[in-house]
Amino acid sequence: MRYPDRAFSAVLELPSCRFGVIESGDVITELHFLAPDLPLKAPTTPLGERLAVQLAAYLADPGIQFDLPVRPQGTVFQRQVWAQICAIPTGRVRQYQAIAKDLGSVARAVGQACGANPLPLVVPCHRVVSATGIGGFANHTDGWLIQTKRWLLWHEGLLI
DNA sequence: ACAAAAAACAATT
DNA sequence: AATTGTTTTTTGT
């Protein structure tokens with residue numbers, strides 16, 4: 001997996017892994033799931049602090065919404081997919097197919113756009129699943145990343 | 001440096 | 001195993 005060259009302004013803790021934050025100026029530009037064995041790093045910026053607070057709130061109650069200044073950058077198609085994903089309410093899932101149909105595209109293209117999502121969790125790409133199973137996560141179909149997707153769905157009451 | 005071609009991809013039938 | 005749409009990487013000029 002390829003990590004960005006810029007440094008994380010904070011590395012927070014999730015039950016199944018770590019969660020890295022990258023910001024530029026006054027907005028968050030990227031979030032990344034990181035391997036569970038990485039060292040934590042306390043937020044060094046007001047924005048990182050704010051995310052840490054909201055993350056803690058989400059861990060306590062999956063119903064809360066993230067409210068952060070973000071700058072999503074991507075192609076037109078990717079932003080359309082991300083907009084569809086943002087429209088999925090907490091505790092609900094949607095299939096790649098369903099989103100593809102709305103956009104006049106195909107499921108596989110939607111999956112690829114999900115993988116390109118720079119703001120996982122805030123843009124809840126974990127709520128998008130395949131027709132036959134759980135689908136992939138962060139460009140993996142197994143390993144601790146997919147475990148993280150399972151955990152998130154479970155946290156929202158969608159899996160046993 | 002650019003345009004074209006090929007390959008890759010979180011899927012579905 | 002064939003196919004889909006989009007993005008990324010490779011190849012040719």
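All values reported here derive from a predicted model rather than from experimental measurement. Within every chain, numbering begins at 1; the chains are lettered A, B, ... in the order of the sequence lines, protein sequences first and strands thereafter.
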Hey, can you pull the residues of residues 73-82 of chain A with a non-hydrogen atom under 4.0 angstrom from DNA chain C?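 The answer is T75(A), F77(A), Q78(A).
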Can you tell me which stems involve DNA chain C, if a stem is defined as three or more consecutive Watson-Crick or G-U wobble pairs, both distances under 3.5 Å?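 If one scans DNA chain C for consecutive Watson-Crick or G-U pairs, the stems found are B:1-9 with C:5-13, B:11-13 with C:1-3.
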Got a sec? Which of residues 122-131 of chain A come in under 4.0 Å of DNA chain B, heavy atoms?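 The stretch gives C125(A), S130(A), A131(A) as the residues lying under 4.0 Å from the strand, ordered by number.
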Which residues in residues 94-110 of chain A have a heavy atom closer than 4.0 Å to any atom of DNA chain B?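 Here the set is Y96(A), Q97(A), A107(A), R108(A).
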Examine F19(A) and V27(A) and state if one hydrophobic cluster contains both, with Ile, Leu, Val, Met, Phe, Trp and Tyr joined whenever side-chain heavy atoms are less than 4.5 Å apart.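 No, no single cluster joins them.
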Measure the distance from CG on N117(A) to P on dT6(C) and round it to the nearest whole Å.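 It is 18 Å, rounded to the nearest whole Å.
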Examine distances only and state if a side-chain atom of R18(A) and a backbone atom of P36(A) form a donor-acceptor pair shorter than 3.5 Å.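 Judged by distance alone, yes, a pair lies under 3.5 Å.
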Give G135(A) one of three labels, base, sugar-phosphate or nothing, depending on what nucleic acid heavy atoms sit under 4.0 Å from its own.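 No contact.
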Could you work out, with ring-ring contact (aromatic ring centres under 6.0 Å, His included) as the rule, every residue matching F137(A), not counting sequence neighbours?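 In terms of ring-ring contact (aromatic ring centres under 6.0 Å, His included), with neighbours along the sequence ignored, F137(A) is linked to F33(A).
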Please enumerate all residues that pass ring-ring contact (aromatic ring centres under 6.0 Å, His included) together with F77(A), with sequence neighbours excluded.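 Partners of F77(A) by the ring-ring contact (aromatic ring centres under 6.0 Å, His included) criterion come out as none, since no residue qualifies.
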Student check: side-chain heavy atoms of R71(A) and I28(A) closer than 4.5 Å: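 Result no, sub-4.5 Å side-chain heavy-atom pair not found.
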Y58(A) versus Q65(A): any side-chain heavy-atom pair under 4.5 Å?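 Not touching, per the 4.5 Å side-chain cut-off.
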Walking along DNA chain B from 5' to 3', note the first and the last nucleotide with an atom under 4.0 Å from a heavy atom of chain A, and give both.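 Here the contact window of chain A covers dA8(B) to dT13(B).
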Atom pairs and distances, donor-acceptor, side-chain atoms in residues 41-56 of chain A, under 3.5 Å, two or more places apart:
{"residue": "K41(A)", "atom": "NZ", "partner": "F8(A)", "partner atom": "O", "Å": "2.9"}
{"residue": "T44(A)", "atom": "OG1", "partner": "S9(A)", "partner atom": "O", "Å": "3.3"}
{"residue": "T45(A)", "atom": "OG1", "partner": "E23(A)", "partner atom": "OE1", "Å": "3.2"}
{"residue": "T45(A)", "atom": "OG1", "partner": "E23(A)", "partner atom": "OE2", "Å": "2.8"}
{"residue": "T45(A)", "atom": "OG1", "partner": "G48(A)", "partner atom": "N", "Å": "3.0"}
{"residue": "R50(A)", "atom": "NH2", "partner": "D67(A)", "partner atom": "O", "Å": "3.3"}
{"residue": "Q54(A)", "atom": "OE1", "partner": "D67(A)", "partner atom": "N", "Å": "2.8"}
{"residue": "Q54(A)", "atom": "NE2", "partner": "D67(A)", "partner atom": "O", "Å": "2.9"}

Pairs flagged by salt bridge (Lys or Arg N to Asp or Glu O under 4.0 Å) wherever residues 117-139 of chain A is involved - sequence neighbours left out: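 Found R127(A)-E156(A).
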Measure across P62(A) and T90(A) and return the closest heavy-atom pair with its distance rounded to 0.1 Å.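 So the minimum-distance heavy-atom pair works out to O-CG2, 3.3 Å.
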Partners meeting side-chain hydrogen bond (donor to acceptor under 3.5 Å, both in side chains) with T29(A) (sequence neighbours left out):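 Per chain and number, T29(A) pairs via side-chain hydrogen bond (donor to acceptor under 3.5 Å, both in side chains) with no residue.
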Residues which pass side-chain hydrogen bond (donor to acceptor under 3.5 Å, both in side chains) with S24(A), listed by chain and number, not counting sequence neighbours: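 None.
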Got a second to check how far L158(A)'s CG is from L152(A)'s CG, nearest 0.5 Å?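 Rounded to the nearest 0.5 Å, the CG-CG separation comes to 10.0 Å.
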Can you classify the ring geometry of W151(A) versus W154(A) as parallel (below 30°), tilted (30 to 60°) or perpendicular (above 60°)?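 Tilted: the ring planes of W151(A) and W154(A) meet at 30° to 60°.
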With side-chain contact (heavy atoms from CB on, under 4.5 Å) as the criterion, how do L59(A) and L14(A) come out once you've worked through the C-alpha distance, each side chain's angles and the decisive distance to 0.1 Å? CA-CA 8 Å; L59(A) 292 178; L14(A) 284 175; 3.8 Å; yes
For residues 96-125 of chain A, dump all side-chain donor-acceptor pairs below 3.5 Å to protein atoms at least two apart in sequence or in another chain.
{"residue": "Y96(A)", "atom": "OH", "partner": "V128(A)", "partner atom": "O", "Å": "3.4"}
{"residue": "Q97(A)", "atom": "NE2", "partner": "Q95(A)", "partner atom": "OE1", "Å": "2.9"}
{"residue": "D102(A)", "atom": "OD2", "partner": "R94(A)", "partner atom": "NH2", "Å": "2.9"}
{"residue": "N117(A)", "atom": "OD1", "partner": "L119(A)", "partner atom": "N", "Å": "2.8"}
{"residue": "N117(A)", "atom": "ND2", "partner": "V123(A)", "partner atom": "O", "Å": "3.2"}

